[in-house]
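A short worksheet on the structure shown next.
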Number of protein chains: 2
Amino acid sequence: MTTGDGPNRRVKTTDTLLEIIDTLQSLDGATLAELTDELEYAKSTLHSHLSTLEHNEYVVRNGDEYELSLKFLEHGMFVKNSDELSRVGGPVLEDLAAETGEVAWLIVEEHGKAVYLDKAMGEKAVQTHASVGGRARLHHLATGKLILAYLPDERVDEIIDCHGLPELTPHTITDPDELRAELEEIREDGIAFNDKETVDGLRAIGAPVLGEETVYGAISVSGPANRLTVERCLEEIKPLLLEATNELELKLQYPPN
Amino acid sequence: MTTGDGPNRRVKTTDTLLEIIDTLQSLDGATLAELTDELEYAKSTLHSHLSTLEHNEYVVRNGDEYELSLKFLEHGMFVKNSDELSRVGGPVLEDLAAETGEVAWLIVEEHGKAVYLDKAMGEKAVQTHASVGGRARLHHLATGKLILAYLPDERVDEIIDCHGLPELTPHTITDPDELRAELEEIREDGIAFNDKETVDGLRAIGAPVLGEETVYGAISVSGPANRLTVERCLEEIKPLLLEATNELELKLQYPPN
DNA sequence: TGAATTGTTTGGTAATTCCGAACCAACTAA
DNA sequence: TTAGTTGGTTCGGAATTACCAAACAATTCA
């Protein structure tokens with residue numbers, strides 16, 4: 001039989017495999033012995049899995065070290081490029097970054113989480129915690145809250161249930177009702193802030209990219225809170241963001257091809 | 001038992017799974033019915049595999065369409081960023097692109113193929129066939145031939161055996177001996193050309209990034225053959241490339257951390 | 001030289017994948 | 001409304017195989 005009960009029967013071997021892949025990534029490559037220590041499988045079992053992965057070019061070997069291969073980059077870039085928002089968003093982010101000097105982000109939702117789809121660095125941009133392809137909870141990001149704000153209420157409840165509202169800084173919203181109140185405000189304003197809710201000293205302002213009945217994603221500009229003041233956000237950044245999202249929404253509505 | 005005979009026993013279910021993933025990519029998302037047509041498995045079999053992939057967040061559903069998720073981007077960017085050459089190469093490519101106005105590429109070898117690790121677009125750059133994460137044969141690229149030139153002879157034979165020398169244009173080298181002669185020349189010159197060997201009308205010039213006893217990868221500048229003449233390559237681009245690879249080799253030898 | 005460590009191979013069985021076929025749910029056409 | 005179609009979902013059970021244990025090979029270190 002399979003893992004799990006009742007509906008949605010799963011394939012146990014596949015669970016095993018994906019567990020191996022995830023572990024291989026979190027260890028940043030590992031020898032067979034290290035993997036054996038980390039996972040609850042016999043050495044020989046892991047060995048045949050690794051051989052299969054290598055044969056299919058999903059893993060490369062450096063001596064006795066097994067590492068994930070660039071096959072993942074191939075698939076990943078393919079997925080990224082098949083997203084229309086990603087394609088039209090790239091140049092828009094570059095403009096935003098150039099005009100503000102800060103970091104501009106493009107975020108979409110997947111499986112109830114925020115995924116950093118793209119970024120552009122301005123002149124004064126500082127290296128941040130996040131990177132393209134990375135994931136984060138939705139509730140502590142300007143873009144994440146925007147996405148939640150335009151998602152159906154049931155879906156929001158589901159996401160809160162599933163992922164919780166963990167506290168990252170003293171400013172993170174951890175109460176569901178407080179979050180829902182903020183989402184209401186965001187819907188009224190059409191923009192959202194991240195006021196040191198993710199990292200202390202980091203502020204961001206974002207705007208959503210909306211379609212008819214859907215939210216495609218959101219973009220934001222982030223930077224040090226003392227440089228990116230609330231006034232500067234509202235006066236300088238907000239108009240730029242709204243111009244950008246407006247352009248994106250038009251391009252998504254009337255794709256060039 | 002398992003797939004394959006003798007040594008390196010493989011896990012058949014894993015082969016199946018990776019086959020599904022590859023198919024899902026080449027179809028750019030598919031319904032269960034479409035996958036059933038494409039692959040030799042029962043509908044119910046594919047269904048449980050897809051359910052497992054979705055449960056592990058490697059696949060997303062849009063209605064009845066199954067698509068690869070951005071999880072692949074996460075792993076892919078992680079692999080890319082754990083490569084030191086990729087990290088130091090990015091800014092160098094940007095400079096090259098800015099100085100030449102053309103497209104600058106960073107290529108590494110994996111499983112006997114060329115992988116486009118990064119690119120930077122100059123002012124006059126035209127959209128090309130290739131994209132980051134993509135793969136190509138080594139024998140028809142300037143960077144690919146460079147990598148072959150500095151790989152052990154046995155390895156070169158192995159790669160020729162395994163992947164062949166398919167013809168992409170009338171200029172592609174398809175004869176093993178001719179290729180080996182060119183590799184010898186490349187070792188003498190320290191640079192390599194791609195003279196319409198990949199796409200008609202496209203020229204590129206590249207230089208290798210060498211370590212002690214190894215070749216890390218290669219970088220190149222490519223553009224329309226009529227603009228990127230052989231003279232311009234030798235006089236303008238070649239010094240820039242050598243300066244760039246020199247910088248990269250130093251940075252790889254003495255990493256900042 | 002022997003002990004320790006790590007990757008590789010293999011036999012056999014307990015476990016699971018896989019198929020077939022039935023079951024739904026949503027549309028379409030008559 | 002009803003019959004027909006298309007596509008996703010579920011489930012029992014036989015055939016296949018993933019998995020473990022244990023032996024083996026190849027290095028490395030004492």
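In the text below, chain A, chain B and the rest are named by the order of the sequence lines, each starting its count at 1.
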**OP:** Could you check Ser51(A) against Ala42(B) and say which one's nearest nucleotide on DNA chain C is further toward the 5' end?
**Re:** Ser51(A)
Counting heavy atoms from C-beta on, name the nucleotide in [options] closest to the side chain of [X].
X	options	result
Arg61(A)	dC19(D), dG7(C), dT10(D)	dG7(C)
His49(B)	dC19(C), dC18(C), dC19(D)	dC18(C)
Ser44(A)	dT9(C), dC19(C), dT8(C)	dT9(C)
Ala33(B)	dT17(C), dG7(D), dC19(C)	dG7(D)
Thr16(B)	dC18(C), dT9(D), dC19(C)	dC18(C)
Tyr41(A)	dG7(C), dT9(D), dC20(D)	dC20(D)
Thr45(B)	dT9(D), dA18(D), dC18(C)	dC18(C)

Nearest atoms (heavy-atom pairs only) where [X] meets [Y]:
X	Y	result
Leu24(A)	Leu50(A)	CD2-CD2, 4.1 Å
Leu146(A)	Ala192(A)	CG-CB, 3.6 Å
Ile186(A)	Tyr150(A)	O-OH, 4.0 Å

Subject >> Cationic N near anionic O, under 4.0 Å, Asp153(A) to Arg180(A) >> reply: no
Subject >> Presence of donor-acceptor pair under 3.5 Å, side chain of Lys43(B) and base of dG8(D) >> reply: yes
Original post:
Between atom CD in Glu19(A) and atom C1' in dC19(D), what is the gap in whole Å?
Top reply: 14 Å
Original post:
Can a side chain N or O of Thr13(B) be found less than 4.0 Å away from OP1 or OP2 on dA18(D)?
Top reply: yes
**OP:** Would you indicate, yes or no, if dC19(C) has its OP1 or OP2 atom less than 4.0 angstrom from a side-chain nitrogen or oxygen of His47(B)?
**Re:** no
Original post:
Using a cut-off of 4.0 Å on non-hydrogen atoms, how would the nucleic acid contact of Thr31(A) be classed: base, sugar-phosphate, or nothing?
Top reply: sugar-phosphate
**OP:** Remember a base hit wins even if backbone is also touched, and classify Thr36(A) as base, sugar-phosphate or nothing at under 4.0 Å, heavy atoms.
**Re:** nothing
